[in-house]
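Residues take their numbers from the sequence shown, with the count starting at 1.
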Amino acid sequence: MSASDTPASSAAAAPATDYRATLNLPDTPFPMRGDLPKREPGWVRQWDEEGRYRRLREARCGAPKFILHDGPPYANGQIHMGHAVNKVLKDMITKARQLAGFDAQYVPGWDCHGLPIENAIEKAYGRHLGRDEMQAKSRAYATEQIGQQMADFKRLGVLGDWARPYRTMDYANEAGELRAFKRVIERGFVYRGLKPVYWCFDCGSSLAEFEIEYADKKSQTLDVGFEAAEPERLAEAFGLPALDKPAFAVIWTTTAWTIPANQALNLNPALDYALVDTERGLLVLAAALVETCLARYGLAGTVRATVPGARLGGLRFRHPLSRVHPGYDRLSPVYLADYATADDGTGIVHSSPAYGLDDFQSCVANGLAYDAILNPVQANGQYAADFPLFGGLSIWKAVPQVIEALRDAGRLFATETITHSYPHCWRHKTPVIYRAAAQWFIRMDEGEGIFTRDKAPRTLRELALAAIEQTAFYPANGKARLHDMIANRPDWCISRQRSWGVPIPFFLHKDSGEPHPRTMEILDRAAEIVERGGIEAWSRVTAEEMLGAEDAAHYLKSSDILEVWFDSGSTFFHVLRGTHPEGHHAEGPEADLYLEGHDQHRGWFHSSLLLACALEDRAPYRGLLTHGFTVDSQGRKMSKSLGNGIDPQEISKKLGAEIIRLWVAASDYSGDIAGDDKILARVVDAYRRIRNTLRFLLANTADFDPAADAVPTGELLEIDRWALARTAALQAEILAHYEVYEFHPVVAKLQVFCSEDLGAFYLDVLKDRLYTTPPKSLARRSAQTALWQLTHAMLRWMAPFLSFTAEEAWAIFAPGRSPSIFTEVYVDTAAWQDDALLARWDRIRAIRDTVNKAIEAVRAEGRVGASLQAEVTLRLNADDHALLASLGEDLRFVTITSQAALAPAEADASFEPQAEVVPSTQPKCERCWHYRADVGHDPAHPTLCGRCTGNLFGAGEVRTVA
């Protein structure tokens with residue numbers, strides 16, 4: 001029979017004889033159609049009600065642990081396909097490790113504090129809520145969002161400790177974070193400093209490096225002249241007796257709004273600078289840029305003299321607006337700095353130390369006091385109301401007025417509009433600036449911290465870089481990415497000026513700004529207060545209650561909070577060692593794996609690494625796995641604005657969550673993951689092929705009792721032993737992929753196994769034996785034994801990604817054995833391995849392909865229909881002849897033809913197989929559909945062949961190979 005044929009009664013049979021009823025036709029309650037959208041929600045409820053995750057933990061009690069620590073999604077908004085990819089990947093990995101015999105725990109978590117929730121509350125209730133009201137509404141909002149997201153994650157078939165997740169806003173986690181903060185202080189890493197940090201006017205707060213993304217921005221460039229305040233010194237520096245014209249140091253900038261706060265100029269000591277004579281005066285420019293600058297200014301000029309920048313250090317120039325308003329009547333000294341280059345501009349950098357990190361460091365290094373730094377830009381992006389000329393204006397709206405004031409002052413040499421890459425807030429997508437603010441930092445390099453008691457042995461940068469070397473990366477290129485980020489990052493600004501977050505529980509002296517001497521004791525008390533009543537309880541605490549009336553008069557309670565990356569970055573400490581202590585290894589504190597999108601090299605992976613090294617000199621993870629973003633078929637990132645996203649809720653309703661799971665598993669997540677309706681349609685087809693194969697296996701083992709019917713491996717027919725050997729070989733490949741968290745090769749190989757190894761070969765060959773031999777015969781029980789064994793293996797392979805289907809099949813295949821496929825372990829296939837048998841059947845299958853091609857050619861001519869109508873003669877070289885001759889009479893069952901014969905062996909060893917196919921002239925057996933000369937040999941059954949009468953009424957045929 002062919003793969004699609006099922007014997008049926010012919011019109012010639014006696015009316016009283018139904019030979020179809022004598023066949024062992026397959027039967028199973030496992031439906032052909034999964035009907036996933038309708039049935040999956042019921043399974044989710046069942047798993048929830050029976051506590052399936054808890055039962056899995058009980059089944060692995062005492063087993064080695066595997067800990068995948070969940071990077072918390074933010075508790076804000078409906079989950080999207082990126083969330084689905086992330087959670088399904090985590091679920092597949094923990095389930096694969098569970099089947100490997102590990103106690104593979106998965107505690108889901110949520111990131112609950114921070115600005116996006118505050119923004120949502122402000123949009124709903126306005127921007128002037130008090131701290132207490134903001135915190136109360138934020139907690140309620142986050143709780144609601146978590147409930148919605150949790151339901152969606154469960155719907156995806158994700159098994160986890162949903163009854164006891166962790167939330168960073170839980171009192172115990174908030175308190176644990178404060179204890180982690182205290183320990184970081186003790187180790188000498190925390191200090192307070194005035195330093196330019198990224199500042200978002202929409203957030204009203206500083207931003208971390210992690211929260212910055214770059215996008216194009218249009219800006220006005222300016223070439224501005226600073227008049228020499230000491231022309232005689234400038235002449236001397238250039239070796240001239242005197243200057244006969246006004247002289248200007250000309251700067252180039254893209255941030256016109258910083259000019260009003262200028263306090264210095266920077267030149268490179270190693271660059272040559274020229275004094276150029278023009279009709280607008282003597283201009284100081286980098287020698288290499290003179291020609292370019294003059295062309296930009298529309299001026300002709302002659303170089304009077306050239307000197308190294310080192311000769312110009314200490315010279316002073318007047319602010320370009322000094323004659324416009326007395327508020328700008330100040331001098332800008334020249335400081336020497338390597339960051340001034342001749343790559344573009346003029347080779348001279350104007351320095352506003354409040355608004356640039358290099359500027360700040362240069363000015364402070366040259367003796368500018370912190371309290372002398374001009375910082376007129378307020379948190380909302382406006383100049384202070386009393387700031388000369390531009391008070392109360394937004395810095396962006398002030399740019400044209402700054403340019404006009406410079407033009408009126410005669411100090412503007414050129415201006416033009418450019419488009420350039422500029423830092424933006426990753427939440428608001430709006431431009432940010434550097435802005436000096438007194439903030440709390442975690443130090444990356446050598447330096448003093450506050451209240452150091454147990455100084456770390458090395459700098460944080462050194463500890464983190466060393467920890468990276470001890471970490472496994474999947475894919476491997478993540479290592480270089482994280483290494484470069486740590487190697488080049490500045491100190492970590494950990495303070496924010498918001499309400500909804502874990503407090504920095506400091507009391508600062510009103511005059512000096514120094515924290516109270518009893519700060520470490522206060523931290524302990526704060527943690528206790530928060531553990532009892534949450535951050536809201538700390539908000540209600542007064543300075544008098546904590547310090548006493550006398551000290552309270554001199555100290556202010558800090559209103560800063562720890563930034564949200566400190567929340568999630570410290571979860572290894574206050575979750576795995578605190579609220580969920582079962583989630584770490586007794587032999588070491590690291591989680592086995594952190595898994596997130598590749599953007600988390602600068603986010604959660606990054607902050608977790610820094611905090612773990614600050615606390616314990618090591619990474620919090622043994623391995624890091626990253627996945628790409630979800631994109632459409634054209635490679636564009638899925639987004640609401642483009643309308644190219646696929647919604648996980650809608651896909652679950654339309655196709656089933658199982659299709660999302662299979663799509664994720666079949667995708668190479670190391671790059672971006674493409675999905676659209678057409679791609680999902682192909683996934684549906686793949687699912688149907690796997691499901692139909694599984695249905696065949698279940699149907700043909702429905703009457704098989706392994707305890708009574710199983711045939712020992714050594715007594716199985718040869719092709720059945722081959723099937724188990726092939727299963728063993730494939731399982732070795734699959735488990736190797738699972739060991740390194742690869743799924744798409746598993747899906748590809750499972751599909752080939754189902755369609756090629758099984759569907760197009762083994763099951764096709766097997767159908768005759770399964771359907772026509774006596775039900776309890778060795779021939780049939782041998783086949784069923786092999787099918788039963790490989791079904792056990794296959795269900796476990798597919799269970800991590802096709803979890804709904806595997807559990808559905810498991811309940812039918814092994815009722816009463818165990819409550820879940822995930823309480824099982826991978827099948828031990830050691831006894832099935834047989835490389836020689838695999839090689840032998842590889843060659844047999846190759847020759848069989850030759851037969852199939854020959855049959856197809858004859859079928860195309862209309863001379864045969866099903867392959868059983870064909871008779872084949874094979875011409876082979878001696879080795880192939882001997883190989884096929886060893887199959888004996890079973891050769892025709894392997895080729896699925898009614899007759900298969902071998903011509904005499906060809907002498908040429910290189911002779912390639914040839915198949916001669918002719919239509920059979922014999923009658924067709926009504927029961928088995930073979931064309932045989934002995935059809936009708938028994939008058940009582942004139943439409944049956946001798947083989948069928950023997951199988952029905954005699955001892956049954958003997959099979960040896962197939």
Side-chain angles (χ1 to χ4, degrees), residues 196 198-201 214-227 248-266 280 283 285 289 292-293 296-298 317-325 327-330 332 339-340 343-360 362-363 373-378 380-385 387-424 430-436:
Y198 284 119
W199 192 275
C200 174
F201 301 135
Y214 283 81
D216 285 346
K217 176 182 180 296
K218 285 187 176 180
S219 297
Q220 286 290 114
T221 68
L222 285 81
D223 289 76
V224 178
F226 286 65
E227 186 176 3
F248 302 89
V250 185
I251 65 94
W252 178 88
T253 184
T254 60
T255 53
W257 61 268
T258 63
I259 294 287
N262 172 271
Q263 292 187 271
L265 300 177
N266 284 110
R280 289 193 63 178
L283 310 184
L285 301 167
L289 295 171
T292 303
C293 290
R296 191 160 66 239
Y297 309 154
F317 293 79
R318 298 188 186 283
H319 192 284
L321 296 176
S322 60
R323 295 181 181 176
V324 177
H325 191 285
Y328 294 103
D329 188 11
R330 59 178 182 267
S332 296
Y339 73 90
D343 294 340
D344 51 25
T346 66
I348 304 175
V349 175
H350 105 85
S351 183
S352 295
Y355 308 118
L357 197 55
D358 289 331
D359 296 354
F360 177 87
S362 172
C363 287
I373 292 175
L374 297 176
N375 192 8
V377 180
Q378 307 301 291
N380 62 359
Q382 295 177 355
Y383 291 113
F387 191 61
L389 300 179
F390 313 111
L393 289 177
S394 158
I395 63 168
W396 308 124
K397 292 182 179 180
V399 166
Q401 295 191 31
V402 171
I403 294 173
E404 197 58 33
L406 290 169
R407 182 179 284 114
D408 290 345
R411 297 296 183 259
L412 184 67
F413 281 77
T415 181
E416 63 177 334
T417 302
I418 64 166
T419 299
H420 59 139
S421 181
Y422 189 86
H424 286 65
T430 51
V432 300
I433 68 166
Y434 267 117
R435 177 174 178 266

Hey, does the side chain of [X] reach the backbone of [Y] with a donor-acceptor pair shorter than 3.5 angstrom?
X      : Y      : value
Arg435 : Val377 : yes
His319 : Gln263 : no
Tyr328 : Pro388 : yes
Ser352 : Thr258 : yes
Arg280 : Gly410 : yes
Thr221 : Thr254 : no

Answer whether the closest heavy-atom distance between the side chains of [X] and [Y] falls below 4.5 Å.
X      : Y      : answer
Phe248 : Arg411 : yes
Trp252 : Leu289 : no
Thr430 : Cys200 : yes
Leu412 : Leu222 : yes
Leu389 : Pro260 : no
Ile433 : Trp396 : yes
Ile395 : Phe390 : no

Verdict with supporting geometry, Tyr214 and Tyr422, ring-ring contact (aromatic ring centres under 6.0 Å, His included):
CA-CA 5 Å; Tyr214 283 81; Tyr422 189 86; 8.0 Å; no
Name the residue from Leu265, Asn266, Asp358 that meets the side chain to side chain contact (heavy atoms under 4.5 Å, CB included) definition with Val349.
Asn266
By the definition ring pair (Phe, Tyr, Trp, His ring centres under 6.0 Å), identify the one residue from Tyr198, Phe360, Trp257 that meets it with Tyr355.
Trp257
Can you name the residues that form a side chain to side chain donor-acceptor pair (under 3.5 Å) with Tyr297, not counting sequence neighbours?
Asp223
Nearest 0.5 Å, what's the [atom1]-[atom2] distance between [X] and [Y]?
X      : Y      : atom1 : atom2 : value
Lys218 : Thr417 : NZ    : OG1   : 7.5 Å
Ser351 : Ile251 : OG    : CD1   : 11.0 Å
Leu321 : Leu406 : CG    : CG    : 5.0 Å
Gln220 : Thr253 : CD    : OG1   : 11.5 Å
Ser322 : Phe226 : OG    : CZ    : 9.5 Å
Ser362 : Leu357 : OG    : CG    : 11.5 Å

Heavy-atom pair of closest approach, residues [X] and [Y]:
X      : Y      : value
Asn375 : Ala436 : ND2-O, 2.7 Å
Phe201 : Gln378 : CE2-O, 4.0 Å
Pro353 : Pro196 : O-CG, 3.4 Å
Asp359 : His350 : OD2-O, 3.7 Å
Val402 : Ala256 : CG1-O, 3.5 Å
His424 : Val432 : C-CG1, 3.9 Å

Other residues, nucleotides, ligands: >12 heavy atoms within 6.0 Å of Arg323 CZ
no
